[in-house]
Amino acid sequence: MYLATQARIKQAVREFALRQYELEVNVIVNQPPRPAMGDMALPLAMELARKLRRPPRQIAEEIAAALRPVSGVAKVEIAGAGYVNLYLDRAAYATQLAASLTKPVPSPTAAGEKTIVEHTNINPNKAAHIGHLRNAVLGDTFVRLLRSRGELVEVQNYIDNTGVQVADLVVGFLYLERKTEQEVARMAGDPSARFDYYCWDLYASVTRFYEEDASRLELRARTLQEIEAGEQEAARVAEMVSTAIVRCHLATMLRLNVSYDLLPRESEILHLRFWEKAFELLREKGAIYLETEGKNKGCWVMRQPGAETSDGDEADAGQARDPEDNKVIVRSNGTVTYVGKDIAYQLWKFGLLGKDFHYRPFHTYPNGHTLWVSSAQAAGDSVPVFGQGQRVYNVIDVRQSYLQNIVAQGLRALGFEEEANRSIHFSYEMVALSPRCCAEMGIELSPEDRKRPYVEVSGRKGLGVKADDLIDRLIAEALREVVSRHPDEPDEVRRRIATQIAIGALRYFLLKYTCNAVIAFDFREALSFEGETGPYVQYAVVRARNIFRKLEAGGGSYDPAAVTPAVLERFLSPPEGDPCWQLLLQASQGEAAAEMAIATTEPAAVAKFAFQLAQGFNNFYHRFHILTEKDEERKAFLLWLVRMVDSRLTATLDLLGIEVPEAM
RNA sequence: GGGCGCGUAGCUCAGUGGAUAGAGCAUCUGCCUUCUAAGCAGAGGGUCGCAGGUUCGAGUCCUGCCGCGCCUACCA
């Protein structure tokens, strides 16, 4: 509603400027600093003053005159140096807003363009930690945002089950612990054991195992080759442990309301020879070449923009970079780097590889949704179509920007300029540990680390906050509070509420920071349920709903039909109606926040909106005592407004993947 | 060295080139017989790293400098 109104006003001003001044203008609409100054402000006159060489206030008057007849505009004023401030027709706006909410969310058509979002992508060799959660929650929220705008979205969680990290874990089982394949199978299959936790420790032990004797790195290289070959014991163990850990990760993510459509695995990229196909394409187009000299001799490398090849072209302007800076795609031993496989994967996502995976069902979620996994063999029919996206978002931390650029560059080199432009690196900063957090966890810091503002998480060193531990702790904290407030509720109910609060707190915590802020993780802040937190927003909705619960418990009822346009007019009109109007206007801006969040790949905008609307409601809640209201018409109006805010806030929380508890 | 990012209140962070720079936490003062105080109201707290520039207007854009972080592997 807000966006539609804004668009109408922009259009009217654009047409006016073209007609009157013969100028193409970009109309900027923002909010006046104080609500009393109006609902929308246009600083356009100041900008035009120079071009037209006329006083800004005079131009503002003309713009104002052009805006007065626009439908939905009640009043236009000139203020300050030449701002055009406009006031909306409140009752009309409220009526249209209510009507717009009864329209169903646009559903994606089968013929529509598909957007692929890849996120989570945890190496399947250890338990998920807090850093992985940021990725998953950002990605999942972004998916929810896109779907809310009617987009068809496919969620992929790439599984690197044949990489170095899994190889290290296999080395741990087979050479450090000297376990047999059967013993590992027993452990991986034991549902009572926290297998991912076990591997967390084992992985850290393997790091020390190598440090003790560098010759043991031979084991890693050998194991990696065996895994890639896919025949021997190491490959079977790798498949077993990585699959078991993927299941742990899925369970952890489901606790956070995160789910997926497809798990494309690196093993299939290898076995179905995706890379060979990509290599062929890259070589034919000359995107990569065989280096014949220098440190990269014998490798297939990709040209860097501005870098010389060994032929010496592109050496213009003296800016040429050392050809040794070119990125190695195929190692001199013939194996392909991760980036190479990623290029093949990215080509497949756009349907440009000329190859496809086979698929089989991997998991069924409680809501009935099926999660598929890539497979080397065809398995049955009724398999959905995967890949072939028109736009791809890769949710990957900022440290991989360089590699993501290389992937896009690979597409460009193959002539897929459009697809390269639609390969969007959804970049975010890492989650680190605050010094206090390290102290709490008993982590010894080196003297130089102690001077830093934060310490980087390291799976390799086993340094980090495990996701499930954090969630458990949040639930325990929330449960303590719920139990004290609801001594009579059944334990099952209290546990459910505590879980919803805990997840609300965690998801909000991970979303409230903008993507390029490093989160220095701190238990005190993450475990907070007050102030700018998820539970604060949840609480606002619970309060709103309690009004209706109490109303009905007291034998009262609410009739939306009683809220006629005349009633809206009566209670929204200035100046008495100002507070309610402000709340309503604020509640109507969720769409704008969502659009901003999508355009800037910044879900924090929606989190911020949710908090501010909750704040607005809490303020209103204290100011207006609805159930004691004597004027029935006024009471009906206030209930209408509460319903409206409840609906908008609930919808916004849903975008953030946060549920509303039945009580708090 | 090169690339990317950051520097805003004691702390953690918002801030689409626009009006008097905002939240939360922390500190202090009030408010529970009320639709639950996981809340509300209020107070104090700022050289927006520094210096130039562009602009009617700069926390926001440009340049330089200072400080910090990440990347720059035949790891991912």
Side-chain angles (χ1 to χ4, degrees), chain A residues 28-30 32-34 37 41-43 46-47 49-50 56 79-83 85 121 123 160 163-165 220 291 295-301 321 325 327-339 341-342 396-403 405 427 429-430 432 434 452-454 456 460 478 481-482 485-486 501 505 512-514 516-520 522 524-525 528-533 535-536 538-540 542-551 554 592 596 599-600 604-605 607-608 611-612 614-615 618-629 638 642 663-664:
Chain A
I28 290 164
V29 177
N30 45 36
R34 283 188 306 281
M37 299 170 107
L42 288 78
M46 274 106 74
E47 193 188 322
R50 188 181 172 82
Y83 291 98
N85 290 344
N121 302 7
N123 268 301
D160 184 4
V164 177
Q165 295 208 20
R220 170 198 268 176
E291 186 58 85
K295 71 176 170 107
N296 293 336
K297 184 176 177 183
C299 298
W300 286 86
V301 301
R321 285 163 57 179
D325 287 344
K327 181 65 190 172
V328 171
I329 304 296
V330 181
R331 303 182 187 102
S332 55
N333 69 3
T335 59
V336 58
T337 59
Y338 177 82
V339 201
K341 288 179 254 190
D342 219 17
I396 308 179
D397 80 69
V398 68
R399 288 171 294 187
Q400 294 200 42
S401 297
Y402 169 71
L403 296 177
N405 279 333
S427 158
E429 263 290 357
M430 62 182 167
S434 72
R452 294 161 173 266
Y454 47 78
E456 199 169 338
R460 201 168 285 281
E481 195 71 20
V482 174
R485 286 160 194 250
H486 302 280
I501 293 171
K512 71 194 257 191
Y513 298 93
T514 49
N516 55 14
V518 176
I519 299 180
D522 186 278
R524 198 184 66 189
E525 283 179 38
S528 170
F529 299 147
E530 290 166 16
E532 195 193 342
T533 65
Y536 176 94
Q538 289 172 314
Y539 188 54
V542 168
R543 285 176 134 185
R545 294 183 183 177
N546 277 348
I547 297 172
F548 286 90
R549 183 179 298 185
K550 266 279 161 61
L551 175 75
M596 175 76 77
T600 59
K608 192 62 91 185
F611 173 64
Q612 285 168 350
Q615 235 179 359
N618 274 333
N619 173 289
F620 163 88
Y621 180 89
H622 277 265
R623 199 159 167 171
F624 297 91
H625 286 243
I626 297 168
L627 296 185
T628 53
E629 177 58 52
L638 291 172
V642 171
M664 275 182 84

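Chain letters run A, B, ... following the sequence lines, proteins first and then strands; every chain starts at 1.
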Over all strands shown, is A:Asp160 touching base, sugar-phosphate only, or nothing at heavy-atom distances under 4.0 angstrom? sugar-phosphate
Partner nucleotide, any strand, of B:A37 [Watson-Crick/G-U, under 3.5 Å]: none
Could you pick out which residue, A:Phe624 or A:Gln165, lies toward the 5' side of RNA chain B when each is mapped onto its nearest nucleotide? A:Phe624
Testing the 3.5 Å rule here: is there a donor-acceptor pair between the side chains of A:Tyr536 and A:Asn618? yes
With a 4.0 Å cutoff (strictly under), does any side-chain N or O of A:Arg34 reach OP1 or OP2 of B:U20? no
For A:Asn516 and B:C6, is the shortest distance between a side-chain N/O and OP1 or OP2 below 4.0 Å? yes
Base partner of B:G24, which must satisfy Watson-Crick or wobble distances under 3.5 Å: B:C11
For A:Val330, give me all partners under side-chain contact (heavy atoms from CB on, under 4.5 Å), at least two apart in sequence or on another chain. A:Trp275, A:Phe279, A:Trp300
By side-chain contact (heavy atoms from CB on, under 4.5 Å), A:Arg399 pairs with (sequence neighbours left out) A:Asp397, A:Met430, A:Glu456
Quiz item: A:Ser332 side-chain donor-acceptor pair to B:C74 base, under 3.5 Å: yes
Does B:C75 have its OP1 or OP2 closer than 4.0 Å to a side-chain nitrogen or oxygen of A:Arg331? yes
Checking N1-N3 plus N6-O4 or O6-N4 for Watson-Crick, or N1-O2 and O6-N3 for wobble, each under 3.5 Å, the partner of B:C68 is B:G5
Distance test, side-chain N/O of A:Tyr536 to OP1/OP2 of B:C40, below 4.0 Å: yes
Both distances below 3.5 Å, Watson-Crick or wobble geometry, any strand: find the nucleotide opposite B:G45. none
Detail all sub-3.5 Å separations between protein N/O atoms and N/O atoms belonging to nucleotides 28-34 of chain B.
unit_1	atom_1	unit_2	atom_2	d
B:U34	O2	A:His625	ND1	3.2

Across all strands shown, which nucleotide pairs with B:U54 by Watson-Crick or G-U wobble geometry, both distances under 3.5 Å? none
Closest contact, heavy atoms only, A:Val328 versus A:Thr337: O-OG1, 3.5 Å
Would the base of B:A19 count as contacting A:Asn85 through its side chain, where contact means a donor and an acceptor less than 3.5 Å apart? yes
At 4.0 Å (heavy atoms only), tell me whether A:Ala49 reaches a base, stays on the sugar-phosphate, or touches nothing. nothing
Under 4.0 Å, heavy atoms only, any strand: does A:Gln615 hit a base, just the sugar-phosphate, or nothing? sugar-phosphate
